[in-house]
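Working notes, structure below.
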2 protein chains.
Amino acid sequence: MQPDPPKPTEAELEILTVLWSRGPATVRDIHEVIASRKPTQYTTVLKQLQIMAEKGLVNRDDTERSHIYEASRPMVWTQSQLAGDLLHRAFKGSARELMMGALSAQKTSKRELAELRRMLDQYEKEMP
Amino acid sequence: MQPDPPKPTEAELEILTVLWSRGPATVRDIHEVIASRKPTQYTTVLKQLQIMAEKGLVNRDDTERSHIYEASRPMVWTQSQLAGDLLHRAFKGSARELMMGALSAQKTSKRELAELRRMLDQYEKEMP
DNA sequence: AAGATACTACGATGAACATCGTACGTCAAG
DNA sequence: CTTGACGTACGATGTTCATCGTAGTATCTT
């Protein structure tokens, strides 16, 4: 868990989401989830995981015959990387503009808006 | 301006940001801005713009000798695409989580937070 | 023990990206 | 008119991504 891993690609991110939701898993586990969404070969997922291990995106436990993979970084850490990256690339660093973009991209429920507001309160309170 | 253009790539997005801020511009104009940030050949920018025109990301006016390019979509439209894309790929569609990611990715000023809150108020008011 | 099953390793392939060099046309000086 | 500055067009190249097939090895089943 030394150097920060690079930003995950699209396919890599999809695998990471599986790992974040299921926890450590075998290639088979992950493949089942992925394949249920789009036709994908087992070895494709395997190869991805091997590459991801090289990049440091996942850690591999190969003590057992079926290797077990887990995300090397917690979900929120990676999310922060991705959000920050887009924030700078497309929104000049403006969190407000990013939020505008997100809200206009989909209908957001009143509940979600309320949660958002509450989160803001929380965040502001922890900063003098 | 028929079918929606695809999501811009990294290099394409950088060019678009120039077009959004300067308005319609020639290859030379754009190249000057880009090259001031990182060493880049003139023809590289030219080629990018030609490809972007094919993809429909920019419109080209070739009535003059120096062609004039402009973004085919307004900034906010593209921003919405990008935010929505990331929102679904990495945040399960949760605007709140995206906001968390963005805020934790950089220090956000009190002013920015206030603007954000005001923007939320505004947005909520327009939705019963 | 033999065959089927389950894994990993890895090379090959094709598409998308990003970058650049070269060719070629136009136009305004000199 | 010729030459140099400036412009577009486009092929070539190297890289990263994503996907898959094949080979080889270990394990299970009968």
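The structure presented is a predicted model; accordingly, all values stated were derived computationally and were not measured. Chain letters run A, B, ... following the sequence lines, proteins first and then strands; every chain starts at 1.
- The distance between atom NZ of A:Lys7 and atom C1' of D:dC17, rounded to the nearest whole Å, is 13 Å.
- Between the CD atom of B:Glu64 and the P atom of D:dG7 there is a distance of 13 Å, given to the nearest Å.
- We find that A:Glu97 and A:Lys92 are joined by a salt bridge, their nearest charged nitrogen and carboxylate oxygen being less than 4.0 Å apart.
- Using a 4.0 Å heavy-atom distance criterion, B:Thr43 is classed as a base contact.
- Shortest non-hydrogen contact noted between A:Tyr123 and B:Gln106 is OH-O, 4.4 Å.
- The minimum heavy-atom distance linking B:Ala95 with A:Leu103 is given by the pair CB-CD2, 4.3 Å.
- For A:Ala11, the side-chain atoms get nearest to D:dA18 when compared with the rest of D:dA18, D:dT8, D:dA26.
- Nucleic acid contact class of B:Glu10 (heavy atoms, under 4.0 Å, all strands): sugar-phosphate only.
- Atom pair A:Arg65:CZ and D:dT25:P shows a separation of 13 Å (rounding to whole Å applied).
- Distance, A:Leu16 CG to D:dA18 P: 12 Å, rounded to whole Å.
- The separation between B:Ile51 atom CD1 and D:dT8 atom P is 15 Å, rounded to whole Å.
- The one candidate from B:Lys110, B:Arg111, B:Arg117 that meets the salt bridge (Lys or Arg N to Asp or Glu O under 4.0 Å) condition with A:Glu124 is B:Arg117.
- In this structure, A:Thr44 reaches the bases: a heavy-atom distance under 4.0 Å links it to at least one base atom across the strands shown.
- One can place CD of B:Gln41 at 16 Å from C1' of D:dA12, the figure rounded to the nearest angstrom.
- Heavy atoms only, all atoms of each residue included: B:Ser72 and B:Pro5 are closest at OG-CG, 4.3 Å.
- Distance NE2 (B:His31) to P (D:dC6): 13 Å, rounded to an integer number of Å.
- Put simply, chain A comes within 4.0 Å of DNA chain C, heavy atom to any atom, from C:dA6 to C:dG11, going 5' to 3'.
- Ionic pairing of A:Arg22 and A:Asp29 is not present here: no N-O contact between side-chain nitrogen and carboxylate oxygen is shorter than 4.0 angstrom.
- Residues A:Lys38 and B:Arg60 both approach DNA chain D. Their nearest nucleotides, taken by heavy-atom distance, put B:Arg60 toward the 5′ side.
- In this structure, CG in B:Leu13 is found 8.0 Å from OG1 in B:Thr9, a value given to the nearest 0.5 Å.
- Residue B:Lys47 has no polar side-chain atom (N or O) positioned under 4.0 Å from OP1 or OP2 of D:dA12.
- Following rounding to the nearest Å, B:Glu54 (CD) and D:dT8 (P) show an atom-to-atom distance of 15 Å.
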